[in-house]
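Some notes on the structure that comes next.
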Number of protein chains: 4
Amino acid sequence: MYDLVIRGGTLVTRAEAFQADIAVQGERIAAVGQRLAGRQTFDAGGLLVLPGAVDPHVHLAMDAGVTTTSDDWTTGTIAAACGGTTTVIDFIEPDLDGPLLPALAARRAEAEAGAVIDFGLHMTLRSAAPNVLADVPAAYAAGCASFKTYLTYDGFRLDDAAFLQALTAVARVGGLALVHAENHAAIEALRADALAQGHTAPKYHASTRPVSTEAEAVERAIMLAGIAGARLYVVHVSTGPGAEAVARARARGQAVVGETCPQYLLLTDAELDRPGFDGARFVCSPPLRPADNPPLLWRQLACDALSTVGTDHCAFFFESQKSLGRDAFTAIPNGLPGIEARLALLYTFGVRAGRLSLQRWVDVCCVAPARTFGLYPRKGSLMPGADADLVLFDPNRAVTLDRSVLHERTDYTPYAGMAVQGYPVATVSRGDVIVRDGVFQGTQGRGRFIARPI
Amino acid sequence: MYDLVIRGGTLVTRAEAFQADIAVQGERIAAVGQRLAGRQTFDAGGLLVLPGAVDPHVHLAMDAGVTTTSDDWTTGTIAAACGGTTTVIDFIEPDLDGPLLPALAARRAEAEAGAVIDFGLHMTLRSAAPNVLADVPAAYAAGCASFKTYLTYDGFRLDDAAFLQALTAVARVGGLALVHAENHAAIEALRADALAQGHTAPKYHASTRPVSTEAEAVERAIMLAGIAGARLYVVHVSTGPGAEAVARARARGQAVVGETCPQYLLLTDAELDRPGFDGARFVCSPPLRPADNPPLLWRQLACDALSTVGTDHCAFFFESQKSLGRDAFTAIPNGLPGIEARLALLYTFGVRAGRLSLQRWVDVCCVAPARTFGLYPRKGSLMPGADADLVLFDPNRAVTLDRSVLHERTDYTPYAGMAVQGYPVATVSRGDVIVRDGVFQGTQGRGRFIARPI
Amino acid sequence: MYDLVIRGGTLVTRAEAFQADIAVQGERIAAVGQRLAGRQTFDAGGLLVLPGAVDPHVHLAMDAGVTTTSDDWTTGTIAAACGGTTTVIDFIEPDLDGPLLPALAARRAEAEAGAVIDFGLHMTLRSAAPNVLADVPAAYAAGCASFKTYLTYDGFRLDDAAFLQALTAVARVGGLALVHAENHAAIEALRADALAQGHTAPKYHASTRPVSTEAEAVERAIMLAGIAGARLYVVHVSTGPGAEAVARARARGQAVVGETCPQYLLLTDAELDRPGFDGARFVCSPPLRPADNPPLLWRQLACDALSTVGTDHCAFFFESQKSLGRDAFTAIPNGLPGIEARLALLYTFGVRAGRLSLQRWVDVCCVAPARTFGLYPRKGSLMPGADADLVLFDPNRAVTLDRSVLHERTDYTPYAGMAVQGYPVATVSRGDVIVRDGVFQGTQGRGRFIARPI
Amino acid sequence: MYDLVIRGGTLVTRAEAFQADIAVQGERIAAVGQRLAGRQTFDAGGLLVLPGAVDPHVHLAMDAGVTTTSDDWTTGTIAAACGGTTTVIDFIEPDLDGPLLPALAARRAEAEAGAVIDFGLHMTLRSAAPNVLADVPAAYAAGCASFKTYLTYDGFRLDDAAFLQALTAVARVGGLALVHAENHAAIEALRADALAQGHTAPKYHASTRPVSTEAEAVERAIMLAGIAGARLYVVHVSTGPGAEAVARARARGQAVVGETCPQYLLLTDAELDRPGFDGARFVCSPPLRPADNPPLLWRQLACDALSTVGTDHCAFFFESQKSLGRDAFTAIPNGLPGIEARLALLYTFGVRAGRLSLQRWVDVCCVAPARTFGLYPRKGSLMPGADADLVLFDPNRAVTLDRSVLHERTDYTPYAGMAVQGYPVATVSRGDVIVRDGVFQGTQGRGRFIARPI
């Protein structure tokens, strides 16, 4: 007699879809079988039962210089949970050249106080200062096995030499390097040119970060990772040529993984050219791309040239925050909200549209992020022994996306008006049913830090 | 209390590897869980537990014109079972322009009488005669959902027009077309040239079927399948360029699957140049390839440009059968034995050599063949409801391949002398433990025909 | 004191553009220099002086089954001369399986009686019958060093085996094989389908010959030419993927040359969808292609993936000939007029549009066709010793293309309404000024057969 | 009656090869024709007559920090002339952040005092300091239209931002940017690693500059040139992947030209592993590459993926200069001698070996360098009006390369022992026969600076 049995659903893994009961004992999955008996049962007839989704790329309560992202650990993780996500991985951003461990402790404490679901933390390497890199083994040992690097953004970007040192340090401990790959110099020059010509509207955010600046930086990052012997994860690949570079490296056998995001699959740079300042709602980096790009990304996602879908959730209020850039696109805070709708968007425009199989959908949203970042097999699995993180997903539930149905703390969604068919109806986190029919019923601070070896 | 519980093994699926018990009830898997109880238990501590391997490409008791392949349904399936294979798919070869259904009935009866494991049958389309294609829906309905075509071999080959008609007929019923893709005209001309120059030794078998003749035929088959709207399975892809053509089609989103075989991954055309007539042991079509080719195939297999590994098991005795070609390579019966060692070879030279993950190994040998050919989820799965076809594989067992350890009915193995580390120690077929420690303990004729919708 | 000196023009070769006088003595160029003196002088100040253009692909007085192309040797070569072309290469089409030499003699006599400029003849191999291939050396010896083959069209097409035999026969004499590369079976099937669905309008001519049918056939022809050791010339490459196949072969070092035509560079399949039957004016094979294709061909022409521009001039009257296909596109005579405007079109849309350099223009229209087909150095050169075939081209002359300015014998031009800037103002053939300001002043039958070793 | 007529040779241009006389009047070519008459005649029967070769990449009397390259303007240009080169382009290396014009004046004066053949000068941009870039228009106006940049070497290398500024400045004046493309950070790290491990032998020079470091830098340079709108010339492309990047850009229509050098076509990194310190003779950057590389470069040179062959002549004495690096490969002066043998090497291993046509040989050694760098039509042409810079080349003269036959001032040649067939027998510079049968008979200081617009 198990604690909880979810009966009669279709269990979907990255490999299979089969009808079975799934039994939970305490916080863990205890069995998958037929006619299992539990003290409590949940009828999942007609529903899909997935491993809880893992979002490997979110920015909650992030200091963005002049402002802070609008979702904090509580509001953001509630939105995530309502969308079927049971684990997020956010970032630690230490002081420039500052020690890593205190920053980890502080960020972890902040998250533990607020999070309603489990979480991991990537460590950001803002420089390759010797004291910084000396902390890498300790950060790894403390459960931060993935290290974020930037090739652009002042105060964050590493030049090739520093990037190579960082990669080497990460490789030495067996960690995984994340890279935001855009060519800094080209973008800076194009931005300066645009401003000099009085081109201040939001659309210039896209035109000053052309496709080639991502493709080049991805190629370079891959080459340097090869030299360092480091495994590389390229975040938010937004272009066909960028993904192609990842695919070529993978075909050569190099350990490179590419992530894309719903916004690059579903939206285009035409949004940035909306009347007035409205395009600012769609300012993120890398930018939304021309209309010939999303079909390439869908195909690359289907055939594992790209392996994961993260959200890069980085929410701002349009009225009070995006508006900081009314005078010039360069001052618009970069980022889009999106933590909540990922599973539903990918189901509707991926699975229903025939671009992804059911299994591939579960893989890119749930399993591959868990495996890539060392959460697996605790997360990303429906097999006995795994954490009982589950989503019950109704493939026929129709929802029109809008502020009113989402829980993200911001005043808009870039997906407003999109009709999805298929939506989560319950979310289970370590055995607790924390969301039911769109109502969060968990408690603040219940989320735990997951230490990750990779 | 289940009928049988296999305890404490590491279950490996195409997606995961986790420690759990697996319970069998009757012929089916009933549960995967922890501390499951059974009337009978099997201690799998230290072993890998896989879904039974599926060999999608074998030729048992095949009429090869002047001779017949040496393994019949009983000897061949015993060898398969001893190697961890629990399902094979063989071929029906009707008379030229003859009706399909009687041929199916006869072949099925022959197999049911002999087979010790379950089996499926591909229907061969030797022509596109109207009466032949008119039988396609009935063959599909009778459980033969996959249709083999040849672009070479007199008496079998279809020209482009016939091939396109066949593809169209298969597409219409929703079936899957298999194709042996080599350019007939080029090979015929090169063979005639070779003989005219007195080049009769086995090595000319390889030189008269150059890499370009496969690559061209694969490109053409893919184009025609695209025109017909047919799903295509390219058997025994033996060359990097052939696999590259498959990969390009897949990246465009076309429904094309490529198979390769252990012999193309592990052996080269240097074998054909052995002293005297010894090279005849290695004569198969497509031929073994130059030494720069296997590394390409391994990489293409790892990244799913190639998706399955079949054996194309087509055994002949060297002394009494291969020797028919002593006067000219063109008379050497084409084919290699290999039904038994596939799992072990791919584990040793794939997983242990770092070329394939454990999951990818299970995928290419067990899961992908089952899924591709409509056996799934009965076969290829460890999940509740699936047939209890299982392999217990000892990853540390060392074996030197040799006639003495194999059960194939022939007088040689092309893998003689190869040392593998990792070998099956028990095979379960629909709940019966039919092989234990290399000893077959099942009964002739217990294998069942599996009707396959695709 | 030379017979004729053309003074002060800008001489353009495939390599250079320089100001110099050019002197003619008899039928030949005698010198290139400064301040040369002649009995007769022609002031070419402000004009470009080119080697006479060579059109390697025309069909004059061709029996097209139910009808005959409308331009005969006199009208067609006058139109060519007026457009700056001083040599054409047409085709001999022997009876099926008939002897080659009598057909050559007859075709040559017909041409000698009518042609106003020099000409060569390609020999068509309509089958690989032994007696046909036995004539190949004699045809070569008689000056027909290039042999046309077709992979489609009943009565002309060679299957792979026959094509390979033909290639081998051509390779043995050191000749050049031309190939019309489209996949016959796919096109036949699509045409039959279209008719069965009542799709009879001109636009179905394009949709039943999709891009992939050319690309496949080009790949196959290249592979078979590689096997045969034959040099290959792919006529009228109309697609980016077809040209890409040529480019890959060239990059590997294989002797393959690709030709394209003005219609594929300048027109699209949208023309075929004109109201009513008007699209029939644009029916040719391969068909005009989608709008994304011409930019690819321009780039491939610029970088020598494609090397020559022929016209495939194959004129019919719209009213009396194209109209044969009013009931079904399959009955529309295939072919477009175009012998006259090639130089002007390529100058305007190539050189002026920045897609081709001046030298590349001369190369693709004049030099490369001469070199490829063994006319060089008699034709295609401005150097001493070459035939005095010259075009004086005014780069600033503006002309709107229309029936009224062209000399082709037909009732329409597919380029009607196109404005070109740059047009020939005089044409010199073996020292005779045969066209001046658009007026032909030569004599019928003055053209000579040019025997071509290659 | 011309001043000089060279009679009866085979004139070879990038486009043609034809027998004709060529007449010189004063310093210029006056006519090409038959039976031309001159006060002086030179019988060229059996010889090839080429435009004088142009070497776009030499380093004479170059300050290499601890030492100076061993050939000065007199010895180096005599060696060049003896090898058939009539124009060299060397470099100006201003002080870091120093003014460009004084450096140009000084370098020009030094060259004018010593050179025996004409010369051009590339301006090196060692930084993008505002005062430096402000001098670019004046340098261009003074005849230095090509600007060298380095992505590696301390004191020379530009980071991406500086490189982009330099490219932009060059693009603005319509100049051409040269780039030495190797990834600095990767190489520095690998060198430091090697030294740390005690790997000091010459062979580590190659292993610390792997193929990927060139390929990456070429990709990046092309991307940044595209952003800046600058034409780009990639010097000394040494790898297949590097050349492939150039080819892809050219196929897209970007203005990129690639140069390779005889050492990369003919030698491999095996030379660096010679016993003792002998490998130091072969230390240059980029380094000699693995044996699979030269065949790729030959093919890329044949099909114009690579367009020019320069020598990067940078001579040192082995005994007194290369020996500075006995303790560590990092201290070996980088560079190989090679100014003299280029034409003969490319003829023997290119034309005779069937890898290049006669015309392509002339193109890559003589014409393309002239055209690319604005010397044309004064240089690189045999047409009237061009400078009378000519090479008479005996295609049958056999020479074994060795110090004794070469005029370079150094104590070794990397081509020692190579047998060439085909050698220059006379060199004409602006009408003067300055070399005859290997004996220089010109005068020091006769060479002139050629101002080059591009």
Side-chain angles (χ1 to χ4, degrees), chain B residues 128 133 149 151-152 154 157-169 171-172 181-194 196 207-230 239 241-242 244-245 248-249 252 254 256, chain C residues 128 133 149 151-152 154 157-169 171-172 181-194 196 207-230 239 241-242 244-245 248-249 252 254 256:
Chain B
L133 298 187
T149 60
L151 302 185
T152 189
D154 288 323
R157 83 180 185 89
L158 304 180
D159 65 16
D160 283 6
F163 181 47
L164 189 53
Q165 288 175 297
L167 288 167
T168 302
R172 201 166 287 140
E182 291 186 291
N183 185 286
H184 182 72
I187 290 169
E188 285 300 295
L190 291 167
R191 282 160 71 95
D193 274 8
S207 66
T208 56
R209 305 178 99 90
V211 166
S212 65
T213 58
E214 173 176 290
E216 183 282 322
V218 173
E219 295 270 14
R220 180 158 40 98
I222 288 170
M223 186 280 285
L224 291 167
I227 296 281
T239 63
E244 185 59 34
R248 279 199 304 269
R252 286 193 303 265
Q254 193 174 336
V256 180
Chain C
L133 298 187
T149 60
L151 302 186
T152 189
D154 289 321
R157 83 181 186 90
L158 305 180
D159 64 17
D160 282 6
F163 180 48
L164 190 53
Q165 289 175 297
L167 288 166
T168 303
R172 200 166 288 140
E182 291 187 289
N183 185 286
H184 183 71
I187 290 169
E188 285 300 295
L190 291 168
R191 283 159 72 95
D193 275 8
S207 66
T208 56
R209 307 179 97 91
V211 166
S212 65
T213 58
E214 173 176 291
E216 183 283 322
V218 173
E219 295 270 14
R220 180 159 38 100
I222 288 170
M223 186 280 285
L224 291 167
I227 296 281
T239 63
E244 185 58 35
R248 280 200 303 268
R252 288 193 303 264
Q254 193 175 335
V256 180

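In what follows, chains are A, B, ... by sequence order, proteins preceding strands, each numbered from 1.
C:Ala186 and B:Leu164 make their closest contact through CA-CD2, 3.5 Å (heavy atoms, listed as atom of the first residue, atom of the second, distance). When all heavy atoms are compared, the tightest approach of B:Ala161 to C:Ala185 is N-CB, 3.4 Å.
Two residues are said to be in side-chain contact when any heavy atoms from C-beta on lie closer than 4.5 Å; C:Asp159 and B:Asp159 fail this criterion. The shortest distance between side-chain heavy atoms of C:Ile222 and B:Ser212 does not fall below 4.5 Å.
The candidate with the highest count of non-hydrogen atom pairs below 4.5 Å against chain C, out of B:Leu224, B:Asn183, B:Thr168, is B:Asn183.
One distance of note links CD1 of B:Ile187 with CG of C:Asp160; it measures 11.0 Å at 0.5 Å rounding.
With a threshold of 4.5 angstrom between heavy atoms, C:Asp193 does not approach chain B through any atom at all.
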